[in-house]
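Notes for the one structure printed next.
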Amino acid sequence: MPDNNEDKPSQAVAAAAAEDTQRLSDSEPETVVMPVAVTDADGAFTPDWYKQFAELQPYATTLGKFRRPEALAKSYAMLERMKGYPDVHDERRMAAFRTAVGLPAEAEGYAIPRPENTPDELWDPALAASISQVAYEYGVPAPAMAALCERYAEEGRRMLLAGHEAEAAAIAGADAELQQEWGRRYDDNMQMVSNFLTQLGERAGVDVQELTTAPSLRANADFARLMLAAATLLEEAPMHTGSPGDSRDEARRIANDPAHPLHEAYMRTSHPRHRYANEQYDRLAFGHPL
């Protein structure tokens, strides 16, 4: 029978040769793929030269406009000069800056929209136009200016709401103070004040309604106290003592004219000053002594 061990030396030689081949293969330098030339013989860019570089793909449209390296270099140098924010008084540089960063070329391009839910108290079209002019002069991006205005309006709405809440609390506090002080006479006293102010407003040509609804007055209990004192003085002042006809006219006003300071007290028997008003009416209408 043949000896199987006779093939072993040849197998060992083959294995060693394979290892040497692998070792030589591993030691060989990697093949380097050289990029295609980016310029031709006369120094101009070759067509689509930038497509060799993946990182330049987003700028393909811009790079395709350059025919020679020197033009690209000049553009880069200009961008380097534009990196610093220009002096706003240098109109030429500001114009170049606006062009470089894509800003509106004219102030009219800055149309600041009115932020949503902005009340009239916070929105002034003239001020918005003035801010647009400043944004143009200083090269502020229009979206940034709109965002700043939105933030301003948001803060303004918050402050306005807080102010209204504070006014309402002050008015409620003043009203509660007067109710506690005047008790059951509160409604009568407030009506007396209202009548007194109406009469004064008619004589002075003043819109009393607008005046009395002002938070600064409604939230001030002392204002109501002063007006009540003034109305009381007017009621207690000596009545007109002219001719009998004048006295009767005054009496008719007490009975029929809601603007007369004694009318409310005369008509309502529950009024705390009803007795006084009735006495004044009798004196004027019938000549009764007080």
For residues 124-133, please give each side-chain donor-acceptor pair under 3.5 Å, one per line with the distance, not counting sequence neighbours.
residue: Asp124; atom: OD1; partner: Ala126; partner atom: N; Å: 3.1
residue: Ser132; atom: OG; partner: Tyr110; partner atom: O; Å: 3.0
residue: Ser132; atom: OG; partner: Ala128; partner atom: O; Å: 3.0
residue: Gln133; atom: NE2; partner: Glu137; partner atom: OE2; Å: 3.1

[X]: side-chain hydrogen bond (donor to acceptor under 3.5 Å, both in side chains) partners, not counting sequence neighbours:
| X | value |
| --- | --- |
| Arg218 | none |
| Asn189 | none |
| Glu155 | Arg158 |
| Asp120 | Arg114 |

Below 4.5 Å, heavy atoms only, C-beta onward: do His260 and Ile254 meet side chain to side chain? yes
Taking the side chain as C-beta and beyond, is there a heavy-atom pair between Leu161 and Glu165 under 4.5 Å? yes
Give a yes or no on whether the backbone of Ser194 and the side-chain of Thr198 come within a donor-acceptor separation of less than 3.5 Å. yes
If you count the non-hydrogen atoms of other residues, nucleotides and ligands that lie under 6.0 Å from CD in Glu70, is the total more than 12? yes
Should we count CD of Gln57 as having more than 12 external heavy atoms under 6.0 Å? yes
Could you tell me which residues satisfy ring-ring contact (aromatic ring centres under 6.0 Å, His included) with [X], sequence neighbours excluded, listed by chain and number?
| X | result |
| --- | --- |
| Phe45 | Trp49 |
| Tyr281 | Tyr266 |
| Trp182 | none |

Could you work out, with side chain to side chain contact (heavy atoms under 4.5 Å, CB included) as the rule, every residue matching [X], not counting sequence neighbours?
| X | result |
| --- | --- |
| Ala219 | Ala170, Ile171 |
| Glu108 | Glu106 |
| Tyr138 | Tyr85, Val88, Val134, Val140 |

For Asn195 and Gln191, what are the C-alpha separation, side-chain angles and deciding distance, and is it a side chain to side chain donor-acceptor pair (under 3.5 Å)? CA-CA 6 Å; Asn195 293 340; Gln191 185 62 52; 3.0 Å; yes
For residues 169-181, which residue pairs qualify under side chain to side chain donor-acceptor pair (under 3.5 Å), counting only residues two or more places apart or in two chains? Asp175-Gln179, Asp175-Tyr186, Glu177-Arg225, Glu181-Arg225
From the list Met192, His274, His271, side chain to side chain contact (heavy atoms under 4.5 Å, CB included) partner of Glu264 resolves to His271
